[in-house]
Amino acid sequence: GREAQLRAFRQRIRRAAHGGGGALLFRSPPGLGRSRMLDACALEAKTLGLTVLRAGAGSAGPFTLAARLCEQLLEALPESALHAAERAQVREIVLDDAARPGEPRLRRLDDGSWQRERLQPALMAWLAQVCRTHALLLLVDDVQRVDEASLAWLAALAVAAPELRLQLTVAADDIQAPSAALSVLVRHCVVLQLEPLTHTETEALLGSVFGRVPNLPLLAEQLYRIARGSPRESLLLAQHLVDSGVISYRDGLWTLPSE
């Protein structure tokens, strides 16, 4: 149900894979499928060979989100991430070699060992070095609730992304009174508004769940009228119909109600 937005995303990750990255913001009120959209983006990127790092807003500690993404980077590309830290001359700042000799781990970024003025450029240099050998997709949901230090880092990545093999894609609901870092991030993003699904898109969503079975258009019409184009509400209603036995599954096929 989001083919236009997915096409726009595909174009961007293809460019990012060859060194012309960018930043993208999916914006919508809650319930209109932001998380599902990020799921689809992750799948698209993986099929094109990008390494996907994904996180959402967590605690408010400094660099909380940055730490989660960097830990995934070390897990997904351990050798490349280590070599990149060495080439960027930031290994001492971003990695903790004492935790497990021979198996560097991410240093705690919120313990005050390094000032933010040194830590943010080090994380930037590290990621930029990784992007010399690997195309990356960074996905962040609820970006309006991310800690300020990580937001500043994301904003800096958005500025630098056109020169890197990096696609930064974030999602947020309606942003009110943004911080300075969030304002910079949004300013350097292409913004795609996620609108409520149309009737046709609702039918496509339900078809992806139940298949092209009899009575699908009728079910789509009924759920569209109740859910008003909300993907979340449409799927919750469909799940309720399954749980209550109105929709049944037998011999490999779904049976939908005829009225």
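All residue numbers in this chain count up from 1 along the given sequence.
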If you compare all heavy atoms of [X] against all heavy atoms of [Y], which two are closest, and at what distance to 0.1 Å?
X	Y	result
Ser80	His134	OG-CE1, 2.8 Å
Thr202	Ala220	CG2-O, 4.0 Å
Arg165	Arg132	NH1-O, 3.8 Å
Ala161	Leu166	CB-O, 3.9 Å
Ala135	Ala16	CB-O, 4.3 Å
Ala156	Gln120	CB-NE2, 3.9 Å

State plainly whether one hydrophobic cluster holds both [X] and [Y], where clusters connect Ile, Leu, Val, Met, Phe, Trp and Tyr through side-chain heavy atoms under 4.5 angstrom apart.
X	Y	value
Leu25	Leu192	no
Leu77	Val90	yes
Leu82	Leu69	yes
Leu123	Leu74	yes
Val209	Leu218	no

What distance do [X] atom [atom1] and [Y] atom [atom2] have between them, rounded to the nearest 0.5 Å?
X	Y	atom1	atom2	answer
Leu164	Gln129	CG	CD	10.5 Å
Leu154	Met124	CG	CE	10.5 Å
Phe9	Leu6	CZ	CG	8.0 Å
Leu127	Leu73	CG	CG	6.0 Å
Arg14	Leu50	CZ	CG	11.5 Å
Ser35	Phe26	OG	CZ	12.0 Å

Main chain of [Y], side chain of [X]: is a donor-acceptor contact present, judged purely on distance under 3.5 Å?
X	Y	result
Ser230	Ala227	no
Arg107	Leu95	yes
Trp153	Phe63	no
Arg91	Ala85	no
Asp147	Thr64	yes
Ser234	Leu223	no
Thr133	Val130	yes
Gln193	Arg27	yes
Ser208	Leu205	yes

Does [X] reach the side chain of [Y], with side-chain heavy atoms less than 4.5 Å apart?
X	Y	answer
Val52	Leu136	no
Met37	Gln5	yes
Thr255	Arg250	no
Val213	Leu256	yes
Val170	Leu168	yes
Leu157	Leu185	no
Leu182	Val186	yes
Leu53	Leu137	no

Verdict with supporting geometry, Leu219 and Glu221, side chain to side chain contact (heavy atoms under 4.5 Å, CB included): CA-CA 5 Å; Leu219 178 67; Glu221 181 181 350; over 6 Å; no
Salt bridge present between Asp96 and Arg108 (N-O < 4.0 angstrom):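 No.
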Ion pair check, Arg54 and Asp39, cut-off under 4.0 Å: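 Asp39 and Arg54: salt-bridged.
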Sole candidate of Glu201, Glu203, His199 that passes side-chain contact (heavy atoms from CB on, under 4.5 Å) when paired with Tyr224: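 Only one of Glu201, Glu203, His199 forms a side-chain contact (heavy atoms from CB on, under 4.5 Å) with Tyr224, namely His199.
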Geometric class of the Trp254/Phe210 ring pair [parallel <30°, tilted 30-60°, perpendicular >60°]: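 Plane angle over 60°, so perpendicular.
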Check against side-chain hydrogen bond (donor to acceptor under 3.5 Å, both in side chains), Asn215 and Ser258: CA-CA 6 Å; Asn215 300 323; Ser258 58; 5.0 Å; no
Candidate pair Gln239 and Leu236, rule side chain to side chain contact (heavy atoms under 4.5 Å, CB included), full reasoning: CA-CA 5 Å; Gln239 184 63 56; Leu236 286 174; 5.6 Å; no
Test log, rule side chain to side chain contact (heavy atoms under 4.5 Å, CB included), inputs Leu151 and Ser179: CA-CA 9 Å; Leu151 265 179; Ser179 65; 3.9 Å; yes
Intermediate values then yes/no, side-chain hydrogen bond (donor to acceptor under 3.5 Å, both in side chains), Ser28 and Glu195: CA-CA 7 Å; Ser28 77; Glu195 304 291 347; over 6 Å; no
